[in-house]
Amino acid sequence: MNVNNLMADLERKHPGESEYLQAVREVLITVEEVYNRHPEFEANKIAERIVEPDRIFTFKVPWVDDKGEIHVNIGYRVQFNNAIGPYKGGLRFHSSVNLSILKFLGFEQIFKNALTTLPMGGAKGGSDFNPRGKSDREVMRFCQAFMTELWRHIGPQTDVPAGDIGVGGREIGYLYGMYRKLAQENTGVLTGKGMTYGGSLIRPEATGYGAVYFLKQMLEKAGMELKGKVIAISGFGNVAWGAAKKATELGAKIVTISGPDGYIYDPEGLNEEKIAYMLELRASNNDIVAPYADQFPGSTFYPARKPWEVKVDIAMPCATQNELNGEDAQQLIANGVKCVAEVSNMGCTPEAIDLFISHKLMYGPGKAVNAGGVATSGLEMTQNSMKLNWTAEEVDAKLHQIMSSIHHACIEYGTEEDGYINYMKGANIAGFMKVAKSMVEQGVI
Ligand code: 2IT
């Protein structure tokens, strides 16, 4: 494989799909050396085949708002690769959603899912629907209209969607209700379901919890401990909430959260009450964090700024792609950051990652750090197939075990000659090898 030639070809075929091209380039560059030691990969054109999705569905989603006005959104499902299991990956509802973003997310999902040790292929979907300011009934009608098209392309053994930005328990409930009506079956075709109809305990917490378990292992491997560390988190949604909850429980201090409007600096650190308030902020459907500063004296709201300017030991981006750039990375490094655990998908730009790695800082990539979310979705699928429910302790123990196994895989494939652990390289190679081997063994299809 020659990465530059392959990328030039892809850029010609998919002009302007910047996020997708960024995600592909990052994976190919890190696996190139290992790939070229496996002639069977080249003979089977694995690289050329793995970078293109198996298929993409796009569809119109017309719906009626509370005033009787009609809106038209676009719905998508990108079924990327199912070599190791049924397509699996979340649905994102956000005004920024386009094909490039869903292709990057679907591509990342292939390797992330492979790392979880569970049999899941990679997919992603969603819509440019903007949930901000919408009523509950409007969200319900949108979800029903979306599923009216999507249902014929998914199934418990073929493709199992879940949540992502803008899709939480409420949306999954409405989507599942419509699927069940149309398909006339009650199977676990979505994950992140409510506890009364097939959901798994710990699934809401799993992405954040898993990220903190992974972070703890990174620190311990380097002879440090999580307890007492000061952490900057971005975002205030489901992922940020779970990470804040577990990190605080384990004795770390979270001093920031953020939204599209700016960030909150709370030098005392989050506690149970403040973490519970994050859920209220999110349920308000306004997508802003400013009200936190009025609620909790001693904290400050910095409009239109990012939390990476605060002096911290650890940074955990938990919001969205490319939210931490080269300048932010320089600021964090100047302030003595010790570890960056990326919880959002592709949260750091290539410039930021290059800086972390050239400074030999601990950098955990999203596809390893945030894999606990989809892993617990996999555990929800297992429970649905067995038609029984595990306790929270059982699910949490399995999540812990999976995060340890991902950490081991990163060390195995990512340790460099001088002992530095390049977690990005480790995660990409470990995930890639598993899928590539499956593709070789299953022939050209
Ligand atoms: O990015 C992700 O891994 C998710 N949004 C979760 C996907 C899933 O199927 O649980």
Side-chain angles (χ1 to χ4, degrees), residues 90 92-97 101 105 108 126 130-132 163-169 171 192 204-212 214-215 230-248 252-266 269-270 274-293 295-296 299 301-310 312 314-325 328-329 332 337 340-349 352 364-367 369-373:
R92 176 176 292 192
F93 292 170
H94 192 265
S95 47
S96 65
V97 162
I101 289 179
L105 288 163
E108 291 278 291
N130 181 3
R132 185 187 285 187
D164 193 79
I165 294 170
V167 179
E171 289 75 17
E205 293 87 352
T207 312
Y209 277 23
V212 174
F214 193 90
L215 166 69
V230 178
I231 306 182
I233 277 184
S234 61
F236 69 102
N238 170 263
V239 172
W241 167 77
K245 219 171 137 178
K246 184 53 79 178
T248 305
K253 186 155 98 169
I254 308 289
V255 294
T256 67
I257 58 169
S258 75
D261 54 334
Y263 80 91
I264 296 285
Y265 176 53
D266 187 344
L270 266 55
K274 293 167 179 176
I275 293 168
Y277 181 71
M278 288 169 79
L279 296 178
E280 269 179 56
L281 270 180
R282 186 153 151 251
S284 76
N285 255 14
N286 289 325
D287 209 12
I288 51 170
V289 288
Y292 181 106
Q295 192 79 13
F296 300 107
S299 67
F301 173 63
Y302 292 93
R305 300 188 73 90
K306 297 197 262 180
W308 316 128
E309 61 191 24
V310 176
V312 289
I314 295 160
M316 295 183 89
C318 294
T320 194
Q321 68 274 356
N322 292 328
E323 56 170 312
L324 197 163
N325 63 26
D328 301 323
L332 282 167
V337 77
V340 179
E342 182 184 74
V343 198
S344 41
N345 289 309
M346 205 165 78
C348 299
T349 64
K367 63 171 80 65
V369 177
N370 75 27

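We count residues from 1, following the sequence as given.
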Could you tell me which non-hydrogen atom of [X] sits nearest to which non-hydrogen atom of [Y], and how far apart they are?
X	Y	value
Ile233	Ala244	CD1-N, 3.9 Å
Pro131	Asn285	O-ND2, 3.5 Å
Ala243	Met316	CB-CE, 4.4 Å
Cys348	Val340	SG-CG1, 4.4 Å
Gly372	Ala206	O-CB, 3.5 Å
Ala319	Ser234	N-OG, 3.6 Å

Is the backbone N or O of [Y] less than 3.5 Å from a side-chain atom of [X], with the two atoms forming a donor-acceptor pair by type?
X	Y	value
Lys274	Gly269	yes
Glu108	Met346	no
Asn238	Pro204	yes
Ser299	Tyr265	no
Asn345	Gly366	no
Trp308	Glu323	yes
Thr256	Ile264	no
Asn130	Arg132	yes

Sub-6.0 Å ring centroid separation between Tyr292 and Phe236: no
Drop me the distance from [X]'s [atom1] to [Y]'s [atom2], to the nearest 0.5 angstrom.
X	Y	atom1	atom2	value
Leu105	Asp164	CG	CG	6.0 Å
Ile314	Ile231	CD1	CD1	4.5 Å
Tyr302	Glu309	OH	CD	7.5 Å
Lys245	Leu270	NZ	CG	13.0 Å
Phe93	Glu171	CZ	CD	7.0 Å

Candidate pair Thr320 and His94, rule side-chain contact (heavy atoms from CB on, under 4.5 Å), full reasoning: CA-CA 11 Å; Thr320 194; His94 192 265; over 6 Å; no
CA sep, side-chain torsions, deciding dist, call: Asn370, Val239, side-chain contact (heavy atoms from CB on, under 4.5 Å): CA-CA 9 Å; Asn370 75 27; Val239 172; 5.9 Å; no
Any side-chain heavy-atom pair of Arg92 and Ile101 under 4.5 Å: yes
Side-chain touch Ile254/Asp266, heavy atoms, less than 4.5 angstrom: no
Full working for side-chain contact (heavy atoms from CB on, under 4.5 Å) between Val289 and Leu281: CA-CA 7 Å; Val289 288; Leu281 270 180; 4.3 Å; yes
